[in-house]
Protein chains: 2
Amino acid sequence: MQDIQSYISQNKDKFINELIELLKIPSVSADTAYSQDVLNTADAVLNALKKAGCDKVELCDTPGYPIVYGEKIIDPNLPTVLVYGHYDVQPADPIDLWNSPPFEPIIKKTDSHPEGAIYARGACDDKGQMYMHVKALEYMTSTGTLPCNVKFMIEGEEEVGSESLAWFVPRNKEKLANDVILISDTGMIANDIPSITTGLRGLSYVEVEVTGPNRDLHSGLYGGAVANPINVLTKMIASLHDENNHITIPGFYDNVEELSRDERDEMAKAPFSIEKYKNALAIDDVYGEKGYTTNERNSIRPTLDVNGIWGGYTGEGAKTVIASKAYAKISMRLVPNQDWKEITELFKKHFESIAPSGVKVVVKPHHGGQGYVTPIDNIGYQAASKAYEQTFGKKPIPQRSGGSIPIVALFEKELQSKTILMGFGLDSDAIHSPNEHFGVWNYLKGIETIPYFYKYFTELSE
Amino acid sequence: MQDIQSYISQNKDKFINELIELLKIPSVSADTAYSQDVLNTADAVLNALKKAGCDKVELCDTPGYPIVYGEKIIDPNLPTVLVYGHYDVQPADPIDLWNSPPFEPIIKKTDSHPEGAIYARGACDDKGQMYMHVKALEYMTSTGTLPCNVKFMIEGEEEVGSESLAWFVPRNKEKLANDVILISDTGMIANDIPSITTGLRGLSYVEVEVTGPNRDLHSGLYGGAVANPINVLTKMIASLHDENNHITIPGFYDNVEELSRDERDEMAKAPFSIEKYKNALAIDDVYGEKGYTTNERNSIRPTLDVNGIWGGYTGEGAKTVIASKAYAKISMRLVPNQDWKEITELFKKHFESIAPSGVKVVVKPHHGGQGYVTPIDNIGYQAASKAYEQTFGKKPIPQRSGGSIPIVALFEKELQSKTILMGFGLDSDAIHSPNEHFGVWNYLKGIETIPYFYKYFTELSE
């Protein structure tokens, strides 16, 4: 594979321009106004897979947006890699915080990306990272170096909960049969510190509604005499953490995997500057569960955060009203062994039980998913590690991520195979935020590294 | 004055139709889109005062909307009553909860108002109650029974904080010189239980802003590791009340007037059904400061309520975001002797002091006002009590209100006179809410009762 670097340098402009065309289509799955664009993106991905050398491509119908499927089977006796990615993107709001239009990609140089980064919604999450795999396949098919079979499954609802994928996978186990699943939808520590995500947190997302009086009341006439749903909601939410920032829901920690001191010491070796972290966020201090470091708090520990809260008068000026209702959206990040459905049930039971008389409380579960861990002695992990070592010149660090990709646990359950998370984005790439971008260097480095994964995975499978 | 009842029955339709015309003008002071309507309402009130027999009427310029002034001085040696009211109204939002358009008054019969009620924004607060005084003057001047001097001061910014009035009063002390101030901008217990408001609560209204990280963050990557401004805000607000629902701000209760057991026993005699109260609000229990009854909690005790709260993602579905900022609007109702500026300062100091590291907190004072009490041995109160007794057939009950009319304290300070609050509305009249209304019976009963106040006040002043 000594010619991959020259192949990339010859095709660099084409690779970038193709990605830019894909980023121009606003495939926002959360907003039905963009549904035709989402469908057009699926077509574009289908065509790209065909051109990259898949023998068979199809749009698979689902109750929602189609799943783009492609495959190249060179020998049924060789191992099969299943590549997963998504062609939908997060909404671009708040639009006015973007420095350039989210669906008009531009390339700009930054401190983290001296060779330039592509700015657009979806640049990193996940069009850019997904397209690396298409271009890596193109390299392998066009140079006759594809060492095993490959299947692609690219969905269009990742940003809205992957419901159609959860419907599709159990119905297509044979079609999707594989030896390892490969995903690039995570990040790495830095361009000179490659890392592989070995753990993901699970998620339980709920919405709560507190109702007091049957109508909005004048706070002068009723203030202090009836339960104010906003005051009550703040008390209820506040009580969900104790003074050490432990979560107080009974049973919440029962199945939490406690890492050994050795494992925690190993984790602590990853380069991390608390000062840089605080400066990047403009905060004077970090905050969190007592007894754990910042990197432990956001990876191996479960958390509970309010993602949104609203109630009463929120316009300009003052209105002396006691609202009839107050609401919050609350999500819990879970660690492996915590069952998200059980945690959702524990939350609901506890939250309803702490409601004082004078209010009614409703807890509506939104969605969730299981956490996941890849053992580093797995041959998939080892193949990925060798691939990074080959192209980055150093061994990658195994890293637990705080984020969630709920479908990874589903894959393991339905397809009985492990997922390898080879991410090439950086935390500073602003995924889900205005000015999302993806480094050109990272994009090309991904295309260069992926074929080595195929090579080493095939070798290690023998 | 035996002929006042026949005068009213002869003029009843005219009185109602005149009020309906006034209610058709949308004098929403909070919204500049209605500024011409607010000015047109001032003109209409000016003309009504002239027709009712004022010798002198004028629109007095202020930095904001004009104050309508009118007077009829019959003898400088006789006492002078200053009538205060307001011609502006609250915004009508939410419009879709009105059963008929807010500025197209209609009359409907209800359980509380078997003789019909006029439905329109401002019907009770305060156009209807203010206009009773204009019609009472008309009766007295047209029948030659006005026993003393009268001045009217009707403002157009009561619903937005009375700033221009606060500017006007100290500059016009001589013009406004009086022996008693008469206001109908409060309520009474029931049509068969007349009451006079003897106390008003003060107010301090603030807005708070909690800032955590400098941008919205992905809750998977940062959750549990940085202070979430919404979680922090709920903890801070929750801590403002202890387990007995006492307010925890140091110094908050220092100047609170503690009523004697006798005074509280006297208050407790007012008819009140806790079951009816709970049923009307559809709540299973009341809530509030330990050691006080519902009627004490909303009148003689200071309170702290969140009037609005917002932060993070509040749209449909789920977004796993940690917001950069969270906000709340908080108001405190104060009792006599609590200085609203001092309380605002105590709140600010305390709220800033309880902010944990990792967030920044800003407290912005909005506005406020002093509480007020009228002693019942005052001749103004006694004249009002006798007037109600004359027309309702029973002595009115002195009652502390939980609401605030900040300018009453200003009047006492600048004009050195006591204010008598003769309200004829009911709590169920939905002021500040959709479907505001004012009973026709109440409107006419007010017109009937007010001239007796003039008679008895003049007699008691001798």
Side-chain angles (χ1 to χ4, degrees), chain A residues 30 201 205 212-216 218-228 230-231 234-235 237-238 281-289 294 297-298 301 303 305-314 318-322 326 329 331 333 356-358 366-367 402-404 427 431-433, chain B residues 201 205 212-216 218-228 230-231 234-235 237-238 281-289 294 297-298 301 303 305-314 317-322 326 329 331 333 356-358 366-367 402-404 427 431-433:
Chain A
R201 290 198 284 190
Y205 199 111
N214 54 1
R215 59 177 200 277
D216 288 3
H218 188 293
S219 74
L221 304 181
Y222 292 91
V226 297
N228 175 330
I230 305 178
N231 287 53
T234 64
K235 269 220 189 283
I237 291 173
L281 302 173
I283 52 178
D284 63 359
D285 207 352
V286 293
Y287 187 93
E289 191 182 2
T294 291
R297 287 167 176 168
N298 67 21
R301 296 300 296 169
T303 59
D305 271 295
V306 184
N307 302 110
I309 193 166
W310 68 105
Y313 182 70
T314 59
K319 191 173 175 187
T320 48
V321 67
I322 292 184
K329 292 178 194 272
S331 68
R333 296 284 169 171
S357 60
H366 262 298
H367 67 278
S404 304
D427 270 5
I431 65 166
H432 291 211
S433 296
Chain B
R201 290 198 283 190
Y205 199 111
N214 54 0
R215 62 196 154 90
D216 288 3
H218 189 293
S219 73
L221 304 181
Y222 292 92
V226 297
N228 175 329
I230 304 178
N231 287 52
T234 65
K235 270 222 189 278
I237 291 173
L281 301 174
I283 51 179
D284 64 358
D285 207 352
V286 293
Y287 187 92
E289 191 182 3
T294 292
R297 287 167 176 167
N298 67 21
R301 297 300 297 170
T303 60
D305 273 294
V306 183
N307 302 109
I309 193 165
W310 69 105
Y313 181 69
T314 60
K319 191 173 175 187
T320 48
V321 67
I322 291 184
K329 292 178 194 271
S331 68
R333 295 284 169 170
S357 60
H366 261 300
H367 66 281
S404 304
D427 269 5
I431 65 167
H432 291 212
S433 295

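Numbers restart at 1 for each chain; the letters A, B, ... are given by sequence-line order, proteins then strands.
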What's the spacing between B:K319 NZ and A:Y205 OH if we round to 0.5 Å?
-> 9.5 Å

Minimum heavy-atom separation for B:Y287 to A:A227, with atom names?
-> CB-N, 3.4 Å

Tell me, side chain or backbone of B:T303 under 4.5 Å from chain A's heavy atoms, or both, or neither?
-> side chain

Please look at B:S331 and chain A and tell me whether the side chain, the backbone, both or neither of the residue comes under 4.5 angstrom of a heavy atom of that chain.
-> side chain

Check: A:N298 and B:L221 side chains under 4.5 Å, non-hydrogen atoms = no

So CD1 of B:I309 and CD1 of A:I309: to nearest 0.5 Å the spacing works out to 4.0 Å

What distance separates B:I322 CD1 from A:D305 CG, expressed to the nearest 0.5 Å?
-> 4.0 Å

Minimum-distance pair of heavy atoms, taken over all atoms of B:V321 and A:N307 | O-ND2, 2.7 Å

What are the two closest non-hydrogen atoms of A:N228 and B:V306, and how far apart are they?
-> ND2-O, 3.0 Å

Out of curiosity, A:I230 CD1 to B:K329 NZ, how far, rounded to the nearest 0.5 Å?
-> 11.5 Å

Taking every non-hydrogen atom, the tightest pair across A:A238 and B:K235 | O-NZ, 2.8 Å

Proximity breakdown for B:S433 and chain A, heavy-atom pairs closer than 4.5 Å | side chain

Can you name the closest pair of heavy atoms from B:R297 and A:G224 and give their distance?
-> CB-O, 3.4 Å

Heavy-atom nearest pair, B:S219 first then A:R333, reads OG-NH2, 3.0 Å

Checking heavy atoms, do the side chain of B:R301, its backbone, both or neither come under 4.5 Å from chain A?
-> neither

Candidate list A:D285, A:V286, A:I283, test side-chain contact (heavy atoms from CB on, under 4.5 Å), partner B:S357, passing option = A:D285

When only pairs under 4.5 Å are counted, which of A:A326, A:G212, A:G223, A:G312 shares the most heavy-atom pairs with chain B?
-> A:G223

Check whether B:D216 gets within reach of chain A through its side chain, its backbone, both or neither, counting any heavy atom under 4.5 Å.
-> backbone

Identify which part of B:Y313 has an atom lying under 4.5 Å from any heavy atom of chain A, answering side chain, backbone, both or neither.
-> both

